[in-house]
Amino acid sequence: MTRHLITSAIPYINGIKHLGNLVGSQLPADLYARYQRGRGNEVMFLCATDEHGTPAELAAAKAGKPVAEYCAEMHEVQARIAEGFRLSFDHFGRSSSPQNQKLTQHFAGRLAEAGLIREVSEKQVFSNADGRFLPDRYIEGTCPNCGYDKARGDQCENCTKQLDPTDLIDPRSAISGSTDLEVRETKHLYLCQSKMKDQLEEWIDTREGWPILTTSIAKKWLNDGDGLQDRGITRDLDWGVPVKRGEEDWPGMEGKVFYVWFDAPIEYIAAAQEWVDAGKGTDWERWWRTDKGADDVRYTQFMGKDNVPFHTLSFPATILGSGEPWKLVDYVKSFNYLNYDGGQFSTSQGRGVFMDQALEILPADYWRWWLLSHAPESSDSEFTWENFQASVNKDLADVLGNFVSRVTKFCRSKFGEEVPTGGALGAREAQLIADIAAQVRAYEGHMDAIEVRKAAAALRAAWVLGNEYLQDAAPWSTFKENPEQAAAQIRLALNLIPLYAVLSAPFIPDASAALLEAMGVETDGWPADMETALSRLAPGHAFTVPETLFAKITDDQREDWATRFSGLRD
RNA sequence: GGGCCUGUAGCUCAAUUGGUUAGAGCAGAGCGCUCAUAACGCUUUGGUUGGGGGUUCAAGUCCCUCCGGGCCUACCA
């Protein structure tokens with residue numbers, strides 16, 4: 001038995017995430033966690049909400065609530081939706097937790113002692129009307145290059161020129177529109193990533209089998225221009241982890257907080273502490289401290305491509321720089337983006353289908369299946385209602401759902417609602433068992449390698465084997481001359497159902513549970529020997545014909561939804 | 001501007017890392033079956049691998065160039 005630590009990139013707090021966010025991190029992480037649990041391995045699957053930073057403050061202000069209250073509410077909203085999608089977190093934490101606060105301050109202290117933090121005095125734009133420093137992209141003005149009047153302080157979206165906020169003509173706050181801006185001197189802490197460049201590069205170079213997407217982004221940041229740059233890890237904000245050096249105050253840093261991308265990954269560790277403090281477990285260090293049992297843990301991270309630099313460079317720099325025996329990630333699985341019907345999903349613009357809306361119109365399994373079987377692994381992929389309808393109807397309703405329906409209903413009409421007795425398995429049955437065994441091995445191989453789309457295809461191929469067998473065996477024919485033979489055939493076919501349920505559970509957990517319940521069995525582990533697995537339902541075992549597993553999506557529904565989700569969310 | 005990824009059948013994707021005749025699913029066509037959610041099975045049509053050039057006994061794969069799509073570029077997270 002191996003032990004798997006699995007984390008999903010933590011979703012930002014300022015609203016409900018869309019399907020593109022879901023498929024890029026939480027959903028494949030859940031697939032892998034469920035699979036490893038299914039294989040009998042010990043799993044710690046952690047996620048959390050990422051709650052600090054300027055956008056959270058602004059979203060709270062817009063909602064007219066104190067930021068702490070806003071975050072607490074939104075955390076509950078996201079947690080509830082995650083349950084709706086059956087995301088099986090062992091703990092869904094909060095980056096604003098006391099545990100994370102303390103741990104973040106601890107890491108900062110260790111890094112400072114190791115000489116990996118330096119203070120930098122810099123000039124930043126302060127808005128008197130807003131009472132806050134403004135991040136570059138929250139400053140708008142006229143582009144000195146092309147004259148575009150809504151250029152942002154970091155870059156002009158019209159001519160793509162890189163800008164400095166002080167370059168802008170007639171600068172104003174993007175928050176309030178105020179032009180009462182001034183440049184102030186402020187001091188910040190920088191993490192000396194540049195000192196760790198060689199160490200990080202050697203580490204990345206020795207990782208094997210990482211996705212191209214992951215390593216190419218990491219290498220780009222390591223070697224682009226002057227190489228890996230030091231990164232500011234503090235901000236002039238109210239909402240965040242107060243800057244401290246371990247438990248000590250940090251002279252000159254009063255009133256400042258750590259930058260979200262410093263404290264957010266640390267929450268992966270803190271979430272395990274929260275898990276203990278919530279009474280769900282007793283020992284988090286055996287997952288995170290290599291001196292306390294975590295050296296045999298396999299740690300896998302899931303994230304969208306925009307998060308790769310933080311997970312391959314900044315967070316490892318934090319861990320390595322601490323000089324303490326924290327567990328480093330073993331495999332970084334990254335995803336491209338999912339587009340929506342010819343354009344991008346957009347949280348800020350409200351474009352696409354959001355997680356809450358998705359659950360309002362269809363059960364989680366439909367979304368899980370489509371999203372995972374079309375996961376954007378090799379390049380960006382696209383959601384269209386036509387493709388969604390066709391895939392779900394064919395794969396879930398026709399191939400799997402109808403298989404279950406035809407087997408159970410045939411049995412009920414000829415033998416009653418119990419597994420029939422008599423007859424013996426022949427050559428065709430031996431062939432089916434061998435084919436299934438081979439298909440399951442292929443499926444396991446893809447799941448072990450976290451090849452999500454390939455795993456989905458292999459699973460579907462296993463479902464197809466059942467339909468092929470029925471066509472060949474034709475129990476409706478053999479029943480006429482040799483009912484005993486038909487009994488043996490249908491007994492084997494019935495036995496495919498709990499097998500499919502166990503294999504399919506990582507993708508479609510609700511349907512799997514419904515199948516097991518209908519067949520009157522509990523999960524009893526991953527199938528090892530296929531002959532044993534396919535004789536689990538003994539003659540005489542009672543079952544019930546399940547309700548329609550997957551109703552088809554009609555053309556009317558598809559058109560209705562395509563229209564409903566064609567515009568922007570308010 | 002720089003860098004990275006990507007372009008394969010009408011659609012969504014493969015191709016053991018340079019090695020037989022480029023494969024699946026869906027859609028289309030034909031046949032079969034009648035247990036089943038008009039479902040299932042079998043057969044089949046369909047490709048100058050974006051264009052052009054090069055290296056090689058051999059190129060979807062490597063190199064150059066052009067065209068298209070996307071992402072990143074460090075203060076959104």
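Nothing here was measured: the structure is a model prediction, and the numbers come from that model. By convention in this document, chain letters (A, B, ...) are assigned in the order of the sequence lines, proteins followed by strands, and residues within each chain are numbered from 1.
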Out of [options], whichever nucleotide has its closest atom nearest the side chain of [X]:
X        : options             : value
A:Lys220 : B:U37, B:G2, B:G41  : B:G2
A:Pro55  : B:A77, B:C42, B:A39 : B:A77
A:Asp50  : B:A77, B:U37, B:A15 : B:A77

Open item on the list: Would you say the ring centers of A:Tyr469 and A:Phe403 fall short of 6.0 Å from each other?
Closed with: no
Pairwise [atom1] distance for [N] and [M], with rounding to whole Å:
N     : M     : atom1 : answer
B:U8  : B:A22 : C1'   : 8 Å
B:A9  : B:A15 : C1'   : 15 Å
B:U21 : B:G47 : C1'   : 13 Å

Open item on the list: Under the side-chain contact (heavy atoms from CB on, under 4.5 Å) test against A:Ile508, which residue among A:Asp395, A:Leu372, A:Leu400 passes?
Closed with: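 The option that passes is A:Leu400.
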TODO: Tell me whether A:Trp476 is stacked on the nucleobase of B:C35, counting only the six-membered base ring and applying the 5.5 Å and 30° thresholds.
DONE: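 The base of B:C35 is stacked with A:Trp476 (centres under 5.5 Å, planes under 30°).
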Open item on the list: Any N or O donor-acceptor pair under 3.5 Å from the base of B:C75 to the side chain of A:Glu122?
Closed with: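 Answer yes: a donor N or O sits under 3.5 Å from an acceptor.
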Open item on the list: Ignoring hydrogens and geometry beyond distance, is the side chain of A:Glu386 in donor-acceptor contact with the base of B:C11 at under 3.5 Å?
Closed with: no
Task: Contact under 4.0 Å: A:Tyr469 side-chain N or O vs B:C40 OP1/OP2 - done: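 So the side chain of A:Tyr469 is outside the cut-off, no N or O lying under 4.0 Å from OP1 or OP2 of B:C40.
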- [ ] Could you tell me whether A:Lys219 and A:Glu201 have a side-chain N and a carboxylate O separated by less than 4.0 Å?
- [x] yes
